[in-house]
There are 2 protein chains.
Amino acid sequence: MGALRLYDYLESGNGYKVRLLLTQLGLPFERVEVDILQGQTRTPAFLALNPNGRIPVLRLEDGTHLAESNAIQWYLAEGTRYLPEDRRGRAEVLRWMFFEQYSHEPFIAVLRFWSFAGTLADRPPAEIEAKRAAGHAALAVLERRLADAPFLVGDRYGIADIALFAYTHVAGEGGFDLAPYPGVLAWIDRVRAQPDHVAIDAPTGVAVDLDEAGL
Amino acid sequence: MGALRLYDYLESGNGYKVRLLLTQLGLPFERVEVDILQGQTRTPAFLALNPNGRIPVLRLEDGTHLAESNAIQWYLAEGTRYLPEDRRGRAEVLRWMFFEQYSHEPFIAVLRFWSFAGTLADRPPAEIEAKRAAGHAALAVLERRLADAPFLVGDRYGIADIALFAYTHVAGEGGFDLAPYPGVLAWIDRVRAQPDHVAIDAPTGVAVDLDEAGL
């Protein structure tokens with residue numbers, strides 16, 4: 001069986017979800033930094049791993065490649081404390097993970113990415129304003145749950161929390177003020193206090209360079 | 001145990017996913033048509049069912065409400081022939097369902113919705129063009145899989161196919177020409193040929209009106 005290998009980008013919250021979970025599960029893994037700003041996810045070699053041209057991708061023990069951060073999380077968390085066993089709880093984990101990809105990430109992560117990539121000023125103000133409003137709507141949905149619940153599903157930390165934490169805790173880097181969301185802020189502290197937590201900018205895993213990875 | 005009740009909107013591909021699966025599973029259900037164009041998903045009564053203000057929502061047997069079309073599909077398909085039993089296959093189903101919500105629906109479904117709602121002409125041409133390009137990129141990813149595979153995961157029809165079929169087969173209503181994607185077209189025919197298939201505009205289920213549903 002081969003080593004787990006994560007194709008990743010350090011600033012990516014989607015990559016961070018997998019990095020954090022692998023670390024909390026105590027699973028050793030290799031990490032390949034792929035520079036998405038330099039087109040390294042759009043080369044033929046990368047597209048053979050994920051035709052959708054995005055990180056994260058995880059090479060599994062059997063040598064196959066799995067794409068989509070939340071699908072990878074589900075795969076890794078199966079049978080562990082990070083995913084409930086009951087059918088209703090599992091469905092609620094997916095509810096939050098699909099919410100994250102459809103109603104949260106495209107606004108909160110994208111404004112952060114544009115700030116980071118230096119392209120924010122090139123965008124039409126109406127587009128930025130629409131993303132800002134949609135991002136706040138997503139934060140309000142999170143607040144409604146977290147105002148009186150410790151975690152997103154049941155009373156235990158798990159992959160739904162990791163999925164939403166990834167971009168929420170750095171929302172400020174995209175200009176979102178979290179002060180109106182005290183439940184969210186308290187939850188961020190609870191997530192950070194979990195055993196084996198690592199920060200988004202911590203390059204965990206064993207570094208493998210692009211050449212070595214054949215990319 | 002109460003009846004399954006689907007809060008739905010007939011033109012919605014996201015609602016259709018659940019409608020189609022319920023029908024193919026042979027599960028009786030009530031259906032409440034909620035007019036998203038009239039703000040009926042943004043009332044306090046609806047937001048109590050789904051704080052994110054979107055259909056579909058399924059009221060389960062225990063009276064709780066589950067949001068997000070693909071989470072609902074997963075819940076319903078668990079233990080049936082529409083979801084594989086092996087860990088790798090299940091992860092691949094999620095991979096396609098997250099691809100659908102992040103890389104497919106926001107482009108292919110949204111252009112259809114704008115056409116349908118009559119707001120396409122109000123949008124900046126650059127925004128439409130960007131969504132058009134991203135939609136074709138998603139179709140190309142589907143084609144790459146379906147050019148030589150009968151279904152999205154393994155060799156059996158399941159909820160990943162339903163998730164992607166919902167908006168792909170009506171992509172033409174948003175101005176997408178599917179002729180360059182012969183594998184996708186053949187797959188559409190295979191999906192339509194499945195037992196108990198129903199069309200997107202077939203109001204299956206037992207109609208319950210908004211008042212009766214307390215909305």
Side-chain angles (χ1 to χ4, degrees), chain A residues 14 42 47-48 50-54 57-58 60-62 64-79 86-106 109-110 123-124 126-127 130 134 137-138 140-145 147 160 163, chain B residues 14 42 47-48 50-54 57-58 60-62 64-79 86-106 109-110 123-124 126-127 130 134 137-138 140-145 147 160 163:
Chain A
N14 288 323
R42 306 296 161 128
L47 292 172
N50 179 11
N52 201 29
R54 297 176 196 278
V57 173
L58 187 66
L60 305 179
E61 300 88 337
D62 66 0
T64 65
H65 292 83
L66 180 60
E68 297 292 334
S69 60
N70 291 337
I72 298 169
Q73 283 208 92
W74 186 276
Y75 176 86
L76 292 172
E78 193 75 80
D86 66 293
R87 182 183 178 199
R88 183 68 185 85
R90 291 160 71 86
E92 201 65 15
V93 169
L94 289 177
R95 170 261 176 125
W96 283 111
M97 295 205 299
F98 281 109
F99 164 82
E100 190 265 335
Q101 285 288 284
Y102 192 82
S103 298
H104 183 287
E105 207 268 16
V110 168
R123 299 284 171 167
E127 189 181 2
V141 172
L142 280 182
E143 180 67 19
R144 188 154 165 166
R145 164 70 191 174
Chain B
N14 288 321
R42 304 297 161 125
L47 292 172
N50 179 11
N52 201 29
R54 297 177 197 276
V57 174
L58 187 65
L60 305 179
E61 301 89 339
D62 66 0
T64 64
H65 292 85
L66 179 60
E68 297 291 336
S69 60
N70 290 338
I72 298 170
Q73 283 208 93
W74 186 275
Y75 176 85
L76 292 171
E78 193 74 79
D86 66 294
R87 182 184 178 199
R88 183 68 185 87
R90 293 160 71 87
E92 201 65 15
V93 170
L94 288 177
R95 171 261 176 124
W96 282 112
M97 294 206 298
F98 282 109
F99 165 81
E100 191 265 336
Q101 285 287 284
Y102 192 82
S103 298
H104 182 287
E105 207 268 16
V110 167
R123 301 281 172 169
E127 189 180 2
V141 172
L142 280 181
E143 180 66 19
R144 186 153 166 166
R145 164 71 191 173

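Computed over heavy atoms, backbone and side chain alike; hydrogens, waters and symmetry mates excluded. A note on names: the letters A, B, ... follow the listed sequences, proteins ahead of strands, and every chain is numbered from 1.
- Annotation: the span from B:Trp96 atom CH2 to A:Asn52 atom CG amounts to 8.0 Å, rounded to 0.5 Å.
- In this structure, OG1 in A:Thr64 is found 3.5 Å from CZ in B:Arg88, a value given to the nearest 0.5 Å.
- Proximity to chain A is limited to the backbone of B:His65, based on heavy atoms less than 4.5 angstrom apart.
- Ring-plane geometry between B:Trp74 and A:Trp74 is classed as perpendicular, the angle between the planes exceeding 60 degrees on a 0 to 90 degree scale with a lower cut at 30.
- Separation of atoms CD (A:Glu100) and CD (B:Gln101) is listed at 12.0 Å; rounding is to 0.5 Å.
- Contacts with chain A were tallied for B:Gly79, B:Ala140, B:Ala91; B:Ala91 has the most, counting heavy-atom pairs under 4.5 Å.
- Between B:Arg54 and A:Ser103 the shortest side-chain heavy-atom distance falls below 4.5 Å.
- Taking the six-membered ring for Trp, B:Tyr102 and A:Tyr102 have ring centres at least 6.0 Å apart.
- Contact annotation for B:Arg95: both backbone and side-chain heavy atoms come within less than 4.5 Å of a heavy atom of chain A.
- The parts of B:Leu47 that come within reach of chain A are both its backbone and its side chain, each placing non-hydrogen atoms under 4.5 angstrom from that chain.
- The contact between B:Arg90 and chain A is made entirely by side chain atoms (from C-beta outward), counting heavy-atom distances below 4.5 Å.
- The side-chain tip of A:Arg87 points at the ring of B:Tyr75 from less than 6.0 angstrom away and within 45° of straight on.
- Your options are A:Arg145, A:Met97, A:Glu78, and the one with the most heavy-atom pairs under 4.5 Å with chain B is A:Met97.
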